[in-house]
Amino acid sequence: MKEMQRTVTCGELRKEFDGKEIILNGWVHKNRNHGGVHFINLRDKYGVTQVVIDEDASEDILNIANDLKYEYCVAIKGIVRKRPDSMINPDMKTGEIEVSAKEIVILNKCDTLPFMIEEESKANETLRLKYRYLDLRSDGMQKRIKLRSDVAYATREYLNSQGFMEIETPTLIKATPEGARDFLVPSRIHPGKFFALPQSPQLYKQILMVSNFDKYFQIARCYRDEDARGDRQLEFTQIDIEQSFVSANDIYKMTEGLMCHIFKKTMNIELPTQFQRLTYMDAMNTYGSDKPELRFDMKLQDFSSYVPNSDFSVFKTVLDNKGAVRAIVVPDAAPDYSRKKITELEEIAKQYGANGLAWMKVTPEGFDGGVAKFYNNQFTEICNGLSAKNNDLILLMGADWKTSVTSLGAVRKQIGIDRKLYDPSTFHFCWIVDFPLFEKNDEGNWEACHHLFSMPQDHYLDTMEENPGEVKGDLYDLVLNGYELASGSIRVHDPEIQKRIFSIVGIKEEEAMEKFGFLLESFKFGAPPHGGIAPGLDRLVMIMAGEESIREVIPFPKNAMAMSPMDDCPAEVDPEQIRELSLKIEIPVKEK
RNA sequence: GGGAGCAUAGCGAAGCUGGUUAUCGCGUCGGCCUGUCAAGCCGAAGAUCACGGGUUCGAUCCCCGUUGUUCUCGCCA
């Protein structure tokens, strides 16, 4: 190898190298044989260079060149030469030169490829994941993994500059009762006992605050044993941050600074220095989501005032049952939306529990189609009230409040995509604040919306127990382009308040002590007020890269079925391993 | 756990209301070709139409089930 080790990369040759002898190492990207003259596009991480085998080349070189196939790994020694003006390729960085080959060594052959290595592979995802090492050679994957690295670097750069310390926390920890399902790791030394993999470093970063590290961060791997999604993996990476002696505003400012730095450094994009803020209730009421897509308007509007003067009994019943009737006005959409297309929107609404989706079109003669006949008596009032004009489509949703806003919100989002109501290459950050601290679960008991260690806002402290549903927390989400990018809160550092929260959600003191007593114990020793946030690195990079799946920015992801086609895991293990761990496997029989 | 979509050569796709020798592009193999850069031209091989059942004279196409996969609701403090 030594004689044929590269002296330059495939991305750096320019006309200034004219006449120089160089050695390139790389992969055969394209191979074009014209009979007399023969071109090889050689690719490495840094670019592509055209190699020419001239007609007067030695028999040896001609034979080797003819044997070359896609993705052979080769070393080529040759002379750089300027291309004549007419042959310059302006689409290639190295397009003003080519390399005349004097020696070619095949370093490794390549089997027939399962799929072509192109900018973006067109093969189905299972195949891409099975041969991930080939998929990762593609230009698109290379760019995304590079962006991910750049984002991680910019993160460290910014947080270090702000006085944060990067600290590792354990990945073998104690299982916690709340939240997602834990991945469990059996202990060989302690039969019948288990570690859990962290869902996040939450408790440890809080303890680091008790320990006077003041400003902590970690690019931390987290594990949650829940069903995967396009934007969710069983294992993912978050930029975990915690600070002492801070208010929510300090966290907003720090996070805005971090995002500005990341976007500037990696994509040269200037973000606004302060992000929009929306309360949870406003977000739900106007966009039907706690992670609203804010790159287009088309707000949800209250329609209930028009319901009593109409004979449409469905909505009357909804209001009698303390539900909500909401509307969105889709500008100029009336001609484009057939009954069939509206039915498709209705299907989306139904996924969120809606029974149906009512609609009518605005025409010069009045409302038309759908529920038009019930509302034509209020045509002018409704058009004025909703700011609807001729050719608009009005969509109406009546249901309990949450179903009404979330299902219509989902319809809104889909219309935004269908009608291209925004530029998908732009970025819109927004804080969602004033989240409720508690909500009732299906059994009618209170539980924490976020997690148990979030602080109630000051003015609820005295009367928290009277109406837990009203209590807002010092809780915030950062939303980017309709994705929840980060979540955080100011934490409870006062053991008394913590006890009251446990009591509201029905956790007994012994139970709390058993589960996370070490944290509560630490709070007895002068714990400082503290708070933090944790942006998801995978999601951030995904959105920056304009992708819709987190798998496009993770080198070796699991698929949607929570498996890895490349190394075929999870897999069965040797019975001896099971025995050594004092475990017994019993696979439930599937019922028909 | 529920719902929806998809499954046709190695890869990506076409195949209209059921009758085709199952089509096209890329790739593979062979040949030709002196300037390409998505090279071109000629030729060849390559398909249990995911699997199992049903309807039918006849199924890639319709129906049921299974498997795989993607999206989604639940779930994800």
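In what follows, every chain begins at residue 1, and chains take the letters A, B, ... in the order their sequences are listed.
One atom, CZ of Phe39(A), and another, C1' of rC33(B), lie 12 Å apart when rounded to the nearest Å. A straight line from CG of Leu345(A) to P of rU72(B) spans 17 Å, rounded to a whole angstrom. Protein atom CZ of Arg181(A) is 9 Å distant from nucleotide atom C1' of rC76(B), rounded to whole Å. Regarding Lys122(A), its NZ atom lies at a distance of 19 Å from the P atom of rG10(B), rounded to whole Å. Going from atom CG of Asn33(A) over to atom C1' of rC41(B) covers 13 Å, rounded to whole Å. To the nearest angstrom, P of rC76(B) lies 18 Å from CD of Gln233(A). Here the C1' atom of nucleotide rG2(B) and the NZ atom of Lys350(A) are 16 Å apart, to the nearest Å. One atom, CG of Asp227(A), and another, P of rU72(B), lie 12 Å apart when rounded to the nearest Å.
With centroids closer than 5.5 Å and planes inclined by less than 30 degrees as the test, His34(A) and the base of rG35(B) fail to qualify as a stacked pair. Stacking here means ring centres nearer than 5.5 Å and ring planes tilted less than 30 degrees, and by that measure Phe115(A) does not stack onto rC11(B).
Side-chain atoms of Glu470(A) do not come within 3.5 Å of backbone N or O of Tyr460(A) as any donor-acceptor pair. A distance-only check finds a donor-acceptor pair linking the side chain of Gln233(A) to the backbone of Lys558(A) [under 3.5 Å]. Here the side chain of Arg539(A) pairs a donor or acceptor atom with the backbone of Asp231(A) at under 3.5 angstrom.
When the C1' atom is compared between rC49(B) and rC6(B), the two are found 14 Å apart, to the nearest whole Å. Here, rC76(B) and rC24(B) have their C1' atoms 44 Å apart, quoted to the whole Å. Spacing between rG19(B) and rC62(B) at atom P, rounded to whole Å, works out to 11 Å. Spacing of P atoms, rU36(B) relative to rG43(B), comes out at 24 Å, to the nearest Å. The same atom, C1', is picked in rC71(B) and in rC32(B); the two are 49 Å apart, to the nearest Å. Remark: the separation of the C1' atoms in rC42(B) and rA47(B) is 25 Å, to the nearest Å. Nucleotides rC63(B) and rG68(B), compared at atom P, are 22 Å apart to the nearest Å. Remark: the separation of the P atoms in rG46(B) and rC29(B) is 16 Å, to the nearest Å.
Base engagement by Glu98(A) is indicated by at least one non-hydrogen atom pair under 4.0 Å involving a base atom. At the heavy-atom level, Gly230(A) lies under 4.0 Å from the strands shown only through sugar-phosphate atoms. Residue contacts shown for Gly36(A) are limited to sugar-phosphate atoms, with no base heavy atom under 4.0 Å away. Using a 4.0 Å heavy-atom criterion, one finds that Met92(A) contacts the bases of the nucleic acid, with or without backbone contacts as well. Residue Ser121(A) is classed as having no contact, given no heavy-atom separation below 4.0 Å to the nucleic acid. No engagement by Phe453(A) is indicated, since no non-hydrogen atom pair under 4.0 Å with the nucleic acid exists. Among the atoms of the strands shown, none is found under 4.0 Å from any heavy atom of Ile348(A). Nucleic acid contact class of Met87(A) (heavy atoms, under 4.0 Å, all strands): base.
For RNA chain B, none of the residues of residues 403-418 of chain A falls under the heavy-atom distance limit of 4.0 Å.
With respect to Arg500(A) and Glu496(A), no salt bridge is recorded, no charged nitrogen being found less than 4.0 Å from a carboxylate O. The pair Lys82(A)-Glu96(A) does not meet the salt-bridge criterion, since no charged nitrogen lies less than 4.0 angstrom from a carboxylate oxygen. Salt bridge Asp135(A)/Arg132(A): present, at least one basic N to carboxylate O contact under 4.0 Å. A salt bridge is defined here as a Lys NZ or Arg NE, NH1 or NH2 lying under 4.0 Å from an Asp or Glu carboxylate O, and Asp240(A) with Arg221(A) fails to meet this definition.
Across all strands shown, rU60(B) forms no Watson-Crick or G-U wobble pair with both distances under 3.5 Å. Within the shown strands, nothing qualifies as a pairing partner of rG46(B) under the Watson-Crick or G-U definition with both distances less than 3.5 Å. Nucleotide rA7(B): paired with rU67(B) (Watson-Crick or G-U wobble, both distances less than 3.5 Å). Across all strands shown, nothing is found opposite rU55(B) as a Watson-Crick or G-U wobble partner with both distances under 3.5 Å. When Watson-Crick and G-U wobble pairs are counted only if both distances are under 3.5 Å, rC41(B) pairs with rG31(B). rC76(B) is unpaired under the Watson-Crick or G-U wobble criterion, no partner having all donor-acceptor distances under 3.5 Å.
Checking Asp418(A) against Gln414(A) by side-chain atom types alone, a donor-acceptor pair falls below 3.5 Å. A donor-acceptor pair shorter than 3.5 Å cannot be found between the side chains of Gln202(A) and Tyr204(A). Gln218(A) and Thr169(A) are linked by a side-chain donor-acceptor pair at a separation below 3.5 angstrom, with hydrogens and angles left out of the test. At a cut-off of 3.5 Å, with distance as the only test, a side-chain donor of Ser487(A) or Asp477(A) sits close to an acceptor on the other residue.
Taking 4.0 angstrom as the limit, Arg32(A) places none of its side-chain polar atoms (N or O) nearer than this to OP1 or OP2 of rU36(B). For Asn559(A) and rU69(B), the shortest distance from a side-chain N or O to OP1 or OP2 is below 4.0 Å. Under 4.0 angstrom from either OP1 or OP2 of rC73(B) there lies at least one side-chain N or O belonging to Arg229(A). Residue Asn124(A) has a polar side-chain atom (N or O) positioned under 4.0 Å from OP1 or OP2 of rG12(B). In this structure, Arg551(A) reaches the rC71(B) phosphate: one of its side-chain N or O atoms is under 4.0 Å from OP1 or OP2.
For rC76(B), the base has a donor-acceptor partner in the side chain of Arg232(A) [N/O atoms by modelled type, under 3.5 angstrom]. No hydrogens or angles were tested; on distance alone, nothing pairs the side chain of Glu125(A) with the base of rU69(B) as donor and acceptor under 3.5 Å. Counting distance only, with no hydrogens placed and no angle test, the side-chain atoms of Arg128(A) and the base atoms of rC11(B) include no donor-acceptor pair under 3.5 Å.
Map Gln351(A) and Ala123(A) each onto its nearest nucleotide of RNA chain B; the residue landing nearer the 5' end is Ala123(A). Between Gln199(A) and Arg81(A), it is Arg81(A) whose nearest contact on RNA chain B lies nearer the 5' terminus.
Within a 6.0 Å radius of NZ in Lys413(A), other residues, nucleotides and ligands contribute more than 12 heavy atoms.
For Met561(A), counting side-chain heavy atoms from C-beta on, the closest listed nucleotide (rU70(B), rC37(B), rC76(B)) is rU70(B). When each of rC73(B), rG27(B), rC37(B) is scored by its nearest atom to the side-chain atoms of Asn41(A), the top-ranked nucleotide is rC37(B). Across rU36(B), rC26(B), rG10(B), the shortest atom-to-atom separation from the side chain of Met116(A) is found for rC26(B).
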